Amino acid sequence: TLSERLQNTIKDISGKGKITEENMNDALREVRRALLEADVSLKVVKAFISNIKDKAIGEEVLKSITPGQQLVKIVYDELVQLLGGQNVPISTEGKPNIIMLFGLQGSGKTTTAAKLALKIRKGGRNPLIVAADVYRPAAIKQLQSLGKQVNIPVYAEEDSKDVRQIVTSAIKFAKDEGYNSVIVDTAGRLQIDTELMAELLILDRLFEPAEKLLVIDSMMGQEAVNVAQTFDEQLGITGIVMTKLDGDSRGGAALSVVQSTGKPVKFAGMGEKMDALEPFYPERMAQRILG
Amino acid sequence: AQEKEEIDDDLLDEMEEKLIRADLGVDTAVQVIEKLRDNKNKIKPSQLSNYFKDEFKELIKGAGTGQINLKPGQLNIFLITGVNGSGKTTLIGKLAYKFRQQGRKVLVAAGDTFRAAAEDQLEIWSKRAGVDIVRQDDADPASVVYNAIQKAKAENYDVLLVDTAGRLHNRFNLMEELRKIKKVIDREAPGLLSESLLVIDATVGQNGLKQAEVFQEAVSLTGVGLTKLDGTAKGGIVMAIAKELGIPIKLVGVGEKMEDLKSFNAEEYVEALFS
Ligand SMILES: Nc1nc2c(ncn2[C@@H]2O[C@H](COP(=O)(O)OP(=O)(O)OP(=O)(O)O)[C@@H](O)[C@H]2O)c(=O)[nH]1
Ligand SMILES: Nc1nc2c(ncn2[C@@H]2O[C@H](COP(=O)(O)OP(=O)(O)OP(=O)(O)O)[C@@H](O)[C@H]2O)c(=O)[nH]1
Ligand SMILES: [Mg+2]
Ligand SMILES: [Mg+2]
C-alpha cells in the first residue's frame, strides 16, 4: 500500500521513521508514483504534490509517530476535498429544461441518457429523450430501444442528418406535448475534431442548455486532462458523468477532469442496467484512487 | 530537443514525462529512460528518435509478429473481445471490408445479443462491407456462434468474424460467457481460430494491462487491436501488454470510416509518440 511504501521510504532515509524536510521529497515522489499509476494526469499530479507539500511539512507530520500513515491521510483528505465540491444537483432551469450529453466515442453517453431520463422522471418531472447522433450506425435504434426499457419517449428523425433541425423540432415537440425536461444524446467525437466541436457550439448557442454534461470513461488515462479541458474551454461544461465505475480501474481520470475544469462530477455510471446511475461519492473515489 | 549538444538530465526528464503522458505507465517509462541514462554519453540528441524506435522494437519483439494470421484454403475464425465501447463492432466492419477487398468470402456473427441494437449496428456494417451476417437476436451468444460456424463451414467461407458484447473483465459471469463461446469454437472448428483479438481503446490508462491479463486467461489472446489512435491519446499501455504478456499489437483503428484500419507499425507508432 502507499502507506507502507511511504513508511519504508521515510525509514530508509532518516533511520528513525520521522519525516524531515530532507526526506519529504522522496516521500512525495512515492505519492507522485502512486497517483500516476492510478491514471491521474501528470500535470494534475504535479499541482497536487506542490499543494500537499506545504500541508505535509507542517507540524502534524513532522511530529507524527507514523509519518507514512499521516502523509497518506493528508493525501486522502486533499483528494476528497478536490473531488467533492458541493453536491451540485442537476439543474431544472429552462422551459423546457435542456440537458446535453457529449464526450468521446464509446464513453457511455447513449446509455447514460436513458439512465438519466429515468432518474429525472422518478424525480417527478416529465422527460423526453432526443436522438441527435446522426452518424453512428443504429444509434437511433439503440436509444429507442433503451427508451422503451425505461418507458420514456425518444424523439428521433430517421432521415434527417441536420442536428440543429432535429433539436429545434424536439424542443418544439416537448413544449407542445408538455415534456418539461429534454435530454439530448449527441454523437461521440474527438475534442480535436473542429467540425464536430462546432456542431456542439451551435447547439449551445441556439438552445442554451441548462446542463452540459461531459461523459467520461473512468478507465481513461493521461489524456483525460486535455480532453476535459478542451470540451470545457470550448463549451463551458456544467458537470461530469464518470461511467463504467463498476470496473476495477483506479479512476484517477476523475481527479484530472475535476481539477482541470473546476466542475463537479454529478453522477457515476455503475453498470449497463438502466438503474445503474448513482450519485458520485468523493470519499469512495479517493479510496479507489489511492488503491 | 534537437538543438542540444548532449543528453542532459533535463532532456531525460522531458522524455520520461512524454512516455508517461503517452500512458506507457511509470514502470515502463522509468525503465526505458534509465537505460538511456546509462547510455547517454554514446548518443547525441539528434539520434534520439532512432534510438527510441530501436528500443521500442526491442521492448515488444518478445511478443512476436504483428502480422494477421490468415491461412489460405481454410476457414479462418477471428474472435473479437474487449471492454464496453472499445470499438469491437466497428473494427469488425473494417476487417470485413478489408478481407472482402482481398477477394475473400466473409461472414460476420452477431455474437452480442445483449446490448440494445448491437445486431442492427453490425448488420449495417456488414451491408457497407458487402459481407454476410448471421444473427439471432434473442439467442444465447454461444448459439449464434455455433450456427455461424456451421454456415461458415458448409458454405466455404474464408473468414468468420465473431462480434461479442462489451464486458468488464472483473465480471466473472461475463468472462465465463466468453470462455463458453471459445469452447464452442474449439469444439466445432478445432484449429480454425486464427486470431483471438483484444480491442483496446487508445485512451485507456493502466487498466488496459489488467484487461489484457484477464482476457488472455479467458480466450488465449493472439493480438491486440488498438482503436481511436486518430485521437490525442497514444495507447502506450500496449507496450506494457507486449512486454509483460507477450501479446503483439496487430491492428490500429484510426477513425470511424470503413477504411480507417492499418496494420501496426512500430516505427510509425514511435514516430507519432515523439512528434
Ligand atoms: N459496465 C458498464 N458499461 C457501461 C456503462 N455505461 C455504458 N456502458 C456500456 O458501454 C458501451 C458504450 O456505451 P454507449 O452508451 O453506446 O456509449 P456512447 O458514448 O453513446 O458511444 P458513441 O455514441 O459511439 O460515442 C455499451 O456497451 C454500454 O452498455 C457503465 O456505467 N458500466
Ligand atoms: N475516432 C474513432 N472512433 C472509433 C474508432 N473505432 C471505433 N470508434 C467509435 O467508437 C464508438 C464505439 O464503437 P463500437 O464499435 O460500437 O464499440 P464496441 O466495442 O463494439 O462497443 P460495445 O459493443 O458497446 O462494447 C463508435 O462511436 C465508433 O464509431 C476509431 O478508430 N477512431
Ligand atoms: Mg451513443
Ligand atoms: Mg459492439
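Just so it is clear: chains get the letters A, B, ... in the order the sequence lines come, proteins before strands, and each one is counted from 1. These numbers come from a predicted model, not from an experiment. Basis for what follows: all heavy atoms, side chains included, without hydrogens, waters or symmetry-related copies.
Every side chain to side chain contact (heavy atoms under 4.5 Å, CB included) that B/Ala96 has, sequence neighbours left out, goes to B/Val106, B/Val108, B/Ala129, B/Val131, B/Leu161.
Options A/Ala253, A/Gly252, A/Gly106 differ in how many heavy-atom pairs under 4.5 Å they form with chain B, and the most are formed by A/Gly106.
With a 4.5 Å cut-off on non-hydrogen atoms, A/Leu143 does not touch chain B at all.
Residues B/Ile124 and A/Ala138 share a closest heavy-atom pair of CD1-N, 3.5 Å. Shortest non-hydrogen contact noted between B/Leu168 and A/Met219 is CD2-CE, 4.1 Å.
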Please tabulate, one pair per line, the donor and acceptor atoms of chain A and chain B that lie under 3.5 Å from each other, or say none if there are none.
{"residue": "B/Glu17", "atom": "OE1", "partner": "A/Lys46", "partner atom": "NZ", "Å": "3.0"}
{"residue": "B/Glu17", "atom": "OE2", "partner": "A/Lys46", "partner atom": "NZ", "Å": "2.8"}
{"residue": "B/Asp23", "atom": "OD1", "partner": "A/Gln222", "partner atom": "N", "Å": "2.9"}
{"residue": "B/Asp23", "atom": "OD2", "partner": "A/Gln222", "partner atom": "N", "Å": "3.4"}
{"residue": "B/Asp27", "atom": "OD1", "partner": "A/Arg33", "partner atom": "NH1", "Å": "2.6"}
{"residue": "B/Asn84", "atom": "O", "partner": "A/Lys244", "partner atom": "NZ", "Å": "2.9"}
{"residue": "B/Asn84", "atom": "ND2", "partner": "A/Glu272", "partner atom": "OE1", "Å": "3.1"}
{"residue": "B/Asn84", "atom": "ND2", "partner": "A/Glu272", "partner atom": "OE2", "Å": "3.2"}
{"residue": "B/Asp120", "atom": "OD1", "partner": "A/Lys141", "partner atom": "NZ", "Å": "3.4"}
{"residue": "B/Gln121", "atom": "OE1", "partner": "A/Arg136", "partner atom": "NH2", "Å": "3.4"}
{"residue": "B/His169", "atom": "NE2", "partner": "A/Asp248", "partner atom": "OD1", "Å": "2.7"}
{"residue": "B/His169", "atom": "NE2", "partner": "A/Asp248", "partner atom": "OD2", "Å": "3.3"}
{"residue": "B/Asn170", "atom": "ND2", "partner": "A/Asp246", "partner atom": "O", "Å": "2.9"}
{"residue": "B/Thr203", "atom": "O", "partner": "A/Gly221", "partner atom": "N", "Å": "2.8"}
{"residue": "B/Gly205", "atom": "N", "partner": "A/Met219", "partner atom": "O", "Å": "2.9"}
{"residue": "B/Gln206", "atom": "N", "partner": "A/Asp39", "partner atom": "OD1", "Å": "3.0"}
{"residue": "B/Gln206", "atom": "N", "partner": "A/Asp39", "partner atom": "OD2", "Å": "3.2"}
{"residue": "B/Asn207", "atom": "ND2", "partner": "A/Asp248", "partner atom": "OD1", "Å": "2.8"}
{"residue": "B/Lys210", "atom": "NZ", "partner": "A/Asp248", "partner atom": "OD2", "Å": "2.8"}
{"residue": "B/Lys228", "atom": "NZ", "partner": "A/Gln105", "partner atom": "O", "Å": "3.0"}
{"residue": "B/Thr232", "atom": "OG1", "partner": "A/Gln191", "partner atom": "NE2", "Å": "3.0"}
{"residue": "B/Thr232", "atom": "OG1", "partner": "A/Glu223", "partner atom": "OE1", "Å": "2.7"}
{"residue": "B/Glu256", "atom": "OE2", "partner": "A/Gln105", "partner atom": "NE2", "Å": "2.8"}

